[in-house]
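The structure under discussion appears below in the form of structure tokens.
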Amino acid sequence: MQRIGVFVCHCGTNIAGTVDVAAVAAALGKEPGVVFSADYQYMCSQAGQDLIKDAVKEHRLTGIVVCSCSPRMHEATFRKTAAAAGINPYMVEIANIREQCSWVHKDKQTGTEKAIILGRAAIAKVCLNSPLTPGESPVTKRALVIGGGIAGIQTALDIADAGFPVDIVETKPTIGGKMAQLDKTFPTLDCAACILTPKMVDCAQNENIRIFSYSEVTGVKGFVGNFDVTIKRKARYVKEDVCTGCGACTEKCPQRKVPNEFNLGMDNRRAIYIPFAQAVPKVATIDPNYCTMLKTGKCGVCSKVCTAGAIDYKAKDEYIEEKYGAIVVATGFNPISMEKFDEFAYSQSKDVITSLELERLMNAAGPTGGTLLRPSDGTHPHTIVFVQCVGSRCAACSDKGKEYCSKICCMYTAKHAMLIRDKYPDTEVYVFYIDVRTPGKNFDEFYRRAVEEYGVHYIKGMVGKVCPEGGKLKVRASDLIYGKQLHIDADMVVLAAAIEPDKSARGLATMLTASMDTNDFFTEAHPKLRPVESPTAGVFLSGTCQGPKDIPETVAQAGAAASKVIGLLCKNKLTGNPCVAHSDELMCNGCSTCEKVCPYGAISYIDKEFRMPDRTTRVRRVAVVNEAVCQGCGACTVACMSGAMDLRGFTVKQIMAEVDAICR
């Protein structure tokens with residue numbers, strides 16, 4: 001017979017404001033098996049935990065029910081309290097009477113009745129609980145960072161500085177990400193390359209960091225502390241360990257009309273190329289889509305001029321299997337496509353560009369050598385119009401844009417406007433905006449400098465249409481403050497395109513069994529308490545894969561993710577979750593359904609001999625659960641047609657007991 005103690009938390013007024021906690025404690029104290037029931041203002045406080053410990057000793061409790069907030073918040077706290085009092089921590093149940101009760105009801109009587117029902121269900125479950133013992137698993141002391149932008153670079157450097165080996169996997173031929181394409185950074189107007197490239201070099205020279213550029217993750221198995229990852233290294237057709245990065249091959253290649261993706265297609269590169277001067281690793285890459293030798297077998301100029309003998313036309317993709325204890329996702333972002341926003345004439349005129357394209361035009365290493373010229377005719381623009389929120393905050397047009405704010409657009413537009421006015425004082429700059437959002441340190445001061453010091457014309461209103469006409473861009477817009485329509489003849493129009501997660505994020509989330517929101521950003525385990533952790537144990541988030549961020553915020557989150565990884569890798573063993581699936585071999589019919597639905601690959605099948613009543617033996621195929629891999633999601637228990645699969649701590653009997661308690 002269980003001896004259960006019930007503890008009802010006021011949570012200040014979060015619960016007590018709409019639930020009569022004293023009445024709840026009194027009602028639950030009359031339930032079968034309950035020998036002690038009390039309420040307290042803050043049950044998670046040290047005094048509240050001492051109350052639980054004292055009650056355990058005085059009333060010889062064997063089970064505990066805490067009526068409080070979500071178990072995501074304090075389940076671990078109360079389990080530790082139970083363990084300290086001598087009770088198995090898995091004999092604790094949490095009745096969520098805050099998020100599921102007090103926060104969704106205004107009527108106190110209704111809230112109180114529901115809180116009693118939720119508490120009653122938790123009591124029914126704990127009556128059927130049995131002590132569970134978690135297992136242990138070793139930790140592989142190596143980390144994987146997926147993505148080589150500033151977020152991935154900073155994360156890798158911090159982990160490596162703590163003494164742990166770390167691998168960076170980057171799909172591009174070089175690390176650096178979007179920051180490598182920028183000219184200046186806000187709010188200090190520092191040179192982006194001057195900040196980024198020393199960190200890139202540090203990565204290359206750090207003995208604890210391996211860089212897998214031009215590579216991608218193709219498979220992930222295992223669990224926290226013991227991930228098995230397959231990395232595909234795409235064929236460069238250039239030997240990385242031999243190439244010196246001299247650039248002779250890139251100068252002599254006869255195929256010179258390949259769109260340069262680093263400059264967003266605004267100029268051309270060769271079929272063999274190094275993306276930019278500071279690339280890491282500084283190794284040439286042959287583009288198989290344009291290389292004449294790879295396509296026809298005729299050419300070979302790059303091989304002839306390469307004095308190091310690094311060219312290898314017969315190279316093949318390689319697959320590497322590696323073990324990791326922790327994985328950090330830093331897959332970054334991309335600007336959304338402008339093809340659905342043809343009202344701005346992006347596809348009709350070369351002089352309508354995105355903000356990232358403007359970055360390349362203003363960069364000294366860009367297609368125009370840093371001189372701002374109209375892409376259509378190479379002349380100097382005298383009137384430039386910036387259009388904010390193109391694709392951002394599109395609640396009414398979610399079919400072509402995003403409902404969220406992209407966060408960085410207001411600031412980088414102010415940066416562009418200031419740089420243009422500083423370098424070209426004869427250029428008039430207009431910015432059409434919905435709202436100006438400057439939430440960072442020194443951000444508002446930066447924006448006001450653009451208006452007050454540099455004379456940028458900020459106009460609250462939207463651009464309705466852009467029409468190319470007579471060598472000009474006819475901009476039709478509204479001024480909401482003065483209530484009038486504006487017509488501006490612009491030389492260039494710059495669109496502040498919304499940003500979205502990298503296209504690889506969705507497939508990667510499937511491999512990692514990580515959660516994503518409706519916009520394909522990775523979801524954190526808890527927005528306040530665990531902001532850099534994924535709900536999947538051992539998977540951490542860094543940078544804009546989680547949501548729009550500027551560089552300072554990205555670097556801060558990268559450091560936070562690295563600290564979490566270091567904390568994990570410092571441990572020799574991890575304690576597993578004992579609430580795992582198990583199979584009743586006598587009921588299992590070997591149908592393989594549970595194996596197919598398991599997202600973690602924790603279920604396999606074996607042939608096992610069973611002794612029959614007539615003393616003969618019979619071999620049957622039965623399911624076996626690898627408890628170290630199982631995460632206790634319960635998918636197999638739902639799918640099992642024979643009822644052989646069950647989940648420790650959440651058995652069918654326990655769940656049905658909760659249902660009966662709620663319905664009675």
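These numbers come from a predicted model, not from an experiment.
A salt bridge links Glu240 with Arg233: the closest approach of a Lys/Arg side-chain nitrogen to an acidic carboxylate oxygen falls below 4.0 angstrom. Contact check on Lys415 versus Glu359 returns a salt bridge, with a Lys/Arg side-chain nitrogen under 4.0 Å from an Asp/Glu carboxylate oxygen. With respect to Arg374 and Asp351, a salt bridge is recorded, a charged nitrogen being found less than 4.0 Å from a carboxylate O. A salt bridge between Lys528 and Glu533 is absent, with no side-chain N of the basic residue lying under 4.0 Å from a carboxylate O of the acidic one. Under 4.0 Å is where a charged nitrogen must lie from a carboxylate oxygen, and between Arg393 and Asp435 at least one such pair does. Note on Lys407 versus Glu553: salt bridge recorded, some NZ/NE/NH1/NH2 to OD/OE distance being below 4.0 Å. A salt bridge between Glu261 and Arg269 is present, with a side-chain N of the basic residue lying under 4.0 Å from a carboxylate O of the acidic one. By the 4.0 Å N-to-carboxylate-O rule, Arg360 lies too far from Asp267 to be salt-bridged with it.
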Q. For Lys402 and Glu500, what are the C-alpha separation, side-chain angles and deciding distance, and is it a salt bridge (charged side-chain N to carboxylate O under 4.0 Å, His left out)?
A. CA-CA 8 Å; Lys402 306 295 181 181; Glu500 63 182 1; 3.3 Å; yes

Q: Applying ring-ring contact (aromatic ring centres under 6.0 Å, His included), run through Tyr404 and Phe521 and close with a yes or a no.
A: CA-CA 11 Å; Tyr404 54 83; Phe521 286 112; 5.3 Å; yes

Q: Go through Ile566 and Phe164 one step at a time and tell me if the side-chain contact (heavy atoms from CB on, under 4.5 Å) criterion holds.
A: CA-CA 8 Å; Ile566 293 166; Phe164 294 103; 4.0 Å; yes

Q: Give the C-alpha distance, both sets of side-chain angles, the deciding distance and a yes or no for salt bridge (charged side-chain N to carboxylate O under 4.0 Å, His left out) between Arg476 and Glu469.
A: CA-CA 13 Å; Arg476 302 173 186 174; Glu469 187 178 318; 5.5 Å; no

Q.
Show, in sequence, the C-alpha distance, side-chain angles and deciding distance for Ser406 and Ser392, and conclude whether the side chain to side chain donor-acceptor pair (under 3.5 Å) test is met.
A. CA-CA 6 Å; Ser406 293; Ser392 296; 2.7 Å; yes

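Rounded to the nearest 0.5 angstrom, Leu356 CG and Leu495 CG are separated by 12.5 Å. To the nearest 0.5 Å, atom CE of residue Met362 and atom CG of residue Leu358 are 5.5 Å apart. Taken to the nearest 0.5 Å, the CD atom of Glu357 stands 10.5 Å off from the CD atom of Gln181. Between Lys199 atom NZ and Ile175 atom CD1 the span is 11.5 Å, to the nearest 0.5 Å. Taking CD1 from Ile146 and OG1 from Thr171, the interatomic distance works out to 11.0 Å, rounded to the nearest 0.5 Å. For the atom pair SG of Cys191 and CG of Leu189, the computed distance is 11.0 Å after rounding to the nearest 0.5 Å.
In the model, Thr438 has a side-chain atom that pairs as donor or acceptor with a side-chain atom of Asp444 under 3.5 Å. Side-chain contact check for Ser213 and Arg236: at least one donor-acceptor pair (N or O, by modelled atom type) lies under 3.5 Å. A side-chain donor-acceptor contact under 3.5 Å links His457 and Glu428. For the residue pair Asn268 and Asn260, no side-chain donor N or O sits within less than 3.5 Å of a side-chain acceptor on the partner. A donor and an acceptor atom, one from each side chain of Gln388 and Thr413, are located under 3.5 Å apart. Side-chain contact of Thr331 with Ser504: a donor-acceptor pair under 3.5 Å is absent, judged by distance alone. Looking only at atom types and distance, the side chain of Gln348 has a donor-acceptor partner in the side chain of Asp342 under 3.5 Å away.
Ile272 has its side chain within reach of Val238: a pair of non-hydrogen atoms, C-beta onward, lies under 4.5 Å apart. Looking at Val169 and Val145, their side chains never come closer than 4.5 Å, going by heavy atoms from C-beta outward. Inter-residue side-chain proximity for Asp550 and Thr554 is flagged as unmet; no heavy-atom pair is nearer than 4.5 Å. Residues Asp287 and Val258 meet the side-chain proximity criterion, which asks for heavy atoms closer than 4.5 Å. Between Thr536 and Ser515, every side-chain heavy-atom pair lies at or beyond the 4.5 Å cut-off. Considering only heavy atoms from C-beta on, Pro468 comes within 4.5 Å of Leu473 through its side chain. Counting heavy atoms from C-beta outward, Asp491 and Ile384 have side chains that stay 4.5 Å or more apart. For the pair His380 and Leu372, the minimum side-chain heavy-atom distance is 4.5 Å or more.
The two residues Cys409 and Ala497 make their nearest non-hydrogen contact at SG-O, 4.2 Å. Nearest approach of Ala160 to Asn208, heavy atoms of both residues: O-ND2, 3.1 Å. Annotation for Ala308 and Thr244: closest pair CB-CG2, 4.4 Å, computed over non-hydrogen atoms. Gly300 approaches Tyr313 most closely through the heavy-atom pair CA-OH, 3.2 Å.
More than 12 heavy-atom neighbours from other residues, nucleotides or ligands sit within 6.0 angstrom of NZ on Lys549. Atom NZ of Lys178 has more than 12 neighbouring heavy atoms from other residues, nucleotides or ligands inside a 6.0 Å radius. Within a 6.0 Å sphere centred on CD of Glu445, other residues, nucleotides and ligands contribute more than 12 heavy atoms.
For Asp158, the side-chain contact (heavy atoms from CB on, under 4.5 Å) test picks out Gln154, Ala562, with sequence neighbours left out.
Ring planes of Phe446 and Phe186: tilted class, angle from 30 to 60°. Ring orientation note: the planes of Tyr412 and His416 are tilted relative to one another, at an angle of 30° to 60°.
The aromatic ring centres of Phe262 and Phe276 sit less than 6.0 Å apart. Between Tyr458 and Phe432, the gap from one ring centroid to the other reaches at least 6.0 Å.
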Without placing hydrogens or testing angles, list every side-chain donor-acceptor pair under 3.5 Å for residues 480-490, not counting sequence neighbours.
unit_1: Asp489; atom_1: OD1; unit_2: Lys474; atom_2: NZ; d: 3.1
unit_1: Asp489; atom_1: OD2; unit_2: Lys474; atom_2: NZ; d: 3.3

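For the pairing with Ile195, the side-chain contact (heavy atoms from CB on, under 4.5 Å) check across Asp190, Ile551, Val555, Ile150 returns one residue only, Asp190.
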